[in-house]
Amino acid sequence: MKELLLGIDIGTSACKIAVFRKNGEVVATANGNYNVYYPKPGYAEQNPDDWWEAVCKATKECIQKGNINPADIVGIGVDGQGWSAIPIDKQGNVLTRTPIWMDTRSSDICDRLNQEIGKEEIFRVSGNSLTAPYTTGKVLWYKEHLPEVYQHTDKILQSNSFIGYRLTGKTSQDICQSYGWHCFDMEKGAWDDDMRKAMGIPEGFLPEISPCHAVIGTVTKEAAEQSGLVEGIPVIAGALDAACGTLGAGVLHNGETQEQGGQAGGMSICIDSYKADPRLILSYHAVPDCWILQGGTTGGGGVMRWLEREFADYERAVAKEIGKSSLTQFNEIAEKVAPGSDGLIFLPYMSGERTPIWDPNAIGVYYGLDFSKTKGHFVRAAMEGVAFSVRHNLEVAEEAGASVEVLRAMGGSANSLLWTQIKSDITGKPIVVPDCDTATTLGAVMLAGVGVGLYKDFQEAVDLTVSVKREHTPNPEVKEVYDRNYEIYLELYENLKETMQKSGGK
C-alpha cells in the first residue's frame, strides 16, 4: 500500500533520512555527513550543496536498505537547523557558504541596528532580540563584506527550504523558520514592510510565507535522478528542526515541552498565546495557531562529542574488546561520581552562548578542580552543566508566563539514562522519553502526512505514531546539592562575563 512518508533532517553534523509507515514504524534510515568550516574566530559555515549531495546519497542508501519502492512514498517532509542565510541567484546557484547558527560574525552589525532602529522596536515587531546568530545580521554582513554575493542574490533560503528547492525547483519560506528574520511580525505571522525597509533588506530576498504542512511542489525529474526518488512526489514546506522534534515528541498543546538533546541543547514550550521575552527565542510551531518559546544553548550533546573526541582514546581502544562504546563507558565512569561532581561545575558555553544570556564571548569553564578529580568527574560535571543551562532557560520561560509541567526528551542525549535522570533532578521536572529515536524526522513526516491528507489532523498523527518508552522523576534526595551548585553556576558567569568580554571569547 502506498502509505510511506520520507523525512529529511538537515542537522549540524549530518543529514538524517528516514522512511516511515503511517503508524510511525521506521522502515529504514540513513545518514549523510558533511563538514562545518571555521575559517576565522566567530565563523561557522556550511556549504548547502554539501547538504544536497549528502541527502541524495543517504536517500539512495535508505531506499536500498529498506527495499523500498520509491513510488510508494506519498509525501516528503523536510526540517533543518535554524538561522541559515543561503543566497541563491536566479538560476538557483548557491553564491557562498552559509553562516550557521553558531556563527557570530555579524555582532557589530546587530549592535549598530539595535542602536539605530532601537532594540525595543525590533523586539516589538519580531518577538526576538537581534543578535548575530539569527539570519538578519548574516544577510546584512553579505551586503558589507561580500557585495558581489549580495548583488547577485535572488532569494535567501533556510536549510529546509533549500532542500525543498533542490527537490521541486520552488522557493519557499515556512512560517516557523521565519523567526530568523527580524522583519517578520511574530504576532501577525507576516512580513513587516516598515522594519524590512528600516533594515535595508530587499523585498525580493524574502520568499512568500507558507504553512509548514503546505505542499510547495513535487519532485522534479532532475531531482529524482539525483536522489533515487521518483518524479511527482509532493514535498511540503517543512519547518525548524526543533519544531519538528517538538512535534515528533508529541508536543501539540499549551504547556507541553520538548527537551532537546542533540548537538545543541535547550527546550521548546508549546504556547497558544503570544508570549515573548528578549532572553528567549520565539517562533511559530510547526503546528498551526501555536508558538514555541525556546531556550537554545550551544552546549548540548555536542559537549559529550567533544569530550569523547578529545579524551576517549582509551575507551575507543577497548570498545571492541569489552563490547561497550566509548560513550557507554563515559556514562559508566560518570555514574560512579556522586551527584554534584564533588564541587566540579561546568559552564557549557562552547561556542559563545545563546539563551538566556546572549553572549557571543561566553566560553566554557570547569570550576572546582583539585587532585581528587577524575575523568568521571569531568564527564558528569559536563552532563550537569548542560542540565543547569536547561534549568536556567526553563526558569526564564516561567517568568515570561509559560507553564511547564513535564519535559519530553529527544535527541541522542535522551539515550543516556544517567544524563536524562540528571536533567530531571536538576530541573525538578518529570521527563518522558518517547519510543522513537528519530523524533525530528518523525515530526517532518507528520507535516508531510497532514499536508498530503494521509492524516486527518495533527492529533491523529501524534496518536498513531508517538509512544513512550520510559519515564524519569526527580529525586528529592539530590535537590539540595544541585540547588547549591546551580547557584554557583549562575554566579560563575556573572563574575566572569567581564573577563570573557575582555578576552573576546578566547
Side-chain angles (χ1 to χ4, degrees), residues 4-20 26-38 44-68 70 73 75-84 86 88 92-94 97-102 157-168 177 219-220 222-230 233 235-236 238-242 244-245 248 261-264 300-302 305 308-309 327 410-412 415 436-445 447-448:
L4 299 182
L5 296 164
L6 174 69
I8 300 172
D9 169 37
I10 304 300
T12 305
S13 56
C15 71
K16 301 174 184 66
I17 308 294
V19 174
F20 294 81
V26 178
V27 179
T29 65
N31 294 344
N33 297 321
Y34 35 72
N35 292 326
V36 181
Y37 302 94
Y38 304 96
E45 303 175 341
Q46 288 186 313
N47 185 344
D49 285 328
D50 290 347
W51 298 343
W52 174 241
E53 183 178 337
V55 164
C56 291
K57 182 177 179 181
T59 300
K60 290 176 181 177
E61 180 184 343
C62 191
I63 290 169
Q64 183 178 17
K65 284 169 64 175
N67 194 26
I68 295 163
I73 297 171
I76 299 173
V78 190
D79 72 82
Q81 57 183 279
W83 301 342
S84 297
I86 304 161
I88 61 169
N93 300 306
V94 175
R97 295 194 301 221
T98 178
I100 62 172
W101 58 272
M102 295 183 287
L157 300 181
Q158 297 300 315
S159 57
N160 54 301
S161 60
F162 174 76
I163 298 301
Y165 178 74
R166 283 286 181 261
L167 286 167
T168 68
Q177 286 273 31
V219 174
T220 64
E222 181 182 7
E225 291 172 352
Q226 293 175 3
S227 64
L229 297 167
V230 295
I233 304 172
V235 179
I236 52 94
L240 173 69
D241 51 6
C244 282
Q263 171 76 16
R305 293 189 185 95
E308 192 279 336
R309 185 182 73 234
L327 287 175
M410 56 155 286
N415 293 320
C436 183
D437 286 335
T438 54
T440 304
T441 45
L442 176 60
V445 301
L447 290 175

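This structure is a prediction, so every number in the text was calculated from the model and none was measured.
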Worksheet item: In terms of heavy-atom contacts, does CD of Glu53 have more than 12 from other residues, nucleotides or ligands at under 6.0 Å?
Response: no
Mind checking the [atom1]-[atom2] spacing from [X] to [Y]? Nearest 0.5 Å is all I need.
X	Y	atom1	atom2	result
Ser227	Ile8	OG	CD1	8.0 Å
Trp101	Ser84	CH2	OG	11.5 Å
Leu240	Ile10	CG	CD1	13.0 Å
Asn33	Asp50	CG	CG	11.0 Å
Asn93	Ile88	CG	CD1	8.5 Å
Ile17	Thr29	CD1	OG1	10.0 Å

Taking all atoms of both residues into account, what is the closest heavy-atom pair of [X] and [Y], and its distance?
X	Y	result
Ala58	Cys15	CB-SG, 4.3 Å
Cys62	Ala28	SG-O, 3.2 Å
Pro48	Thr98	CG-CG2, 3.9 Å
Ile86	Gln158	CD1-O, 3.6 Å

Discussion item. Just so I know, are the side chains of Thr441 and Val445 near enough to count as touching, which here means a heavy-atom distance under 4.5 Å?
Written reply: no
Discussion item. For a 4.5 angstrom cut-off between non-hydrogen side-chain atoms, does Val219 reach Val230?
Written reply: no
Worksheet item: Taking only residues two or more places apart in sequence or in another chain, which ones pass salt bridge (charged side-chain N to carboxylate O under 4.0 Å, His left out) with Glu308?
Response: Arg316
Response to the item:
For Asp49, the side chain to side chain contact (heavy atoms under 4.5 Å, CB included) test, sequence neighbours excluded, returns Asn47, Val94, Phe162, Arg166
Fill in: Which residues share a side chain to side chain contact (heavy atoms under 4.5 Å, CB included) with Ile63, sequence neighbours left out
Thr59, Ile68, Pro70, Leu229
Item to complete: Evaluate the side-chain contact (heavy atoms from CB on, under 4.5 Å) criterion for residues Phe20 and Thr438: first the C-alpha distance (whole Å), next the side-chain angles of each, then the deciding distance (0.1 Å), finally the verdict.
Response: CA-CA 10 Å; Phe20 294 81; Thr438 54; 3.3 Å; yes
Worksheet item: Can you list the residues that meet the ring pair (Phe, Tyr, Trp, His ring centres under 6.0 Å) rule with Trp83, with sequence neighbours excluded?
Response: Tyr134, Tyr179
Counting distance only, does the side-chain N/O of [X] pair as donor-acceptor with the main-chain N or O of [Y] below 3.5 Å?
X	Y	answer
Tyr34	Ala14	yes
Ser161	Leu157	no
Lys60	Gln226	yes

Fill in: Set of side-chain hydrogen bond (donor to acceptor under 3.5 Å, both in side chains) partners for Gln81, sequence neighbours left out
Gln46
Worksheet entry | side-chain hydrogen bond (donor to acceptor under 3.5 Å, both in side chains) against Asn160, all qualifying residues, sequence neighbours excluded | Asp174, Gln177
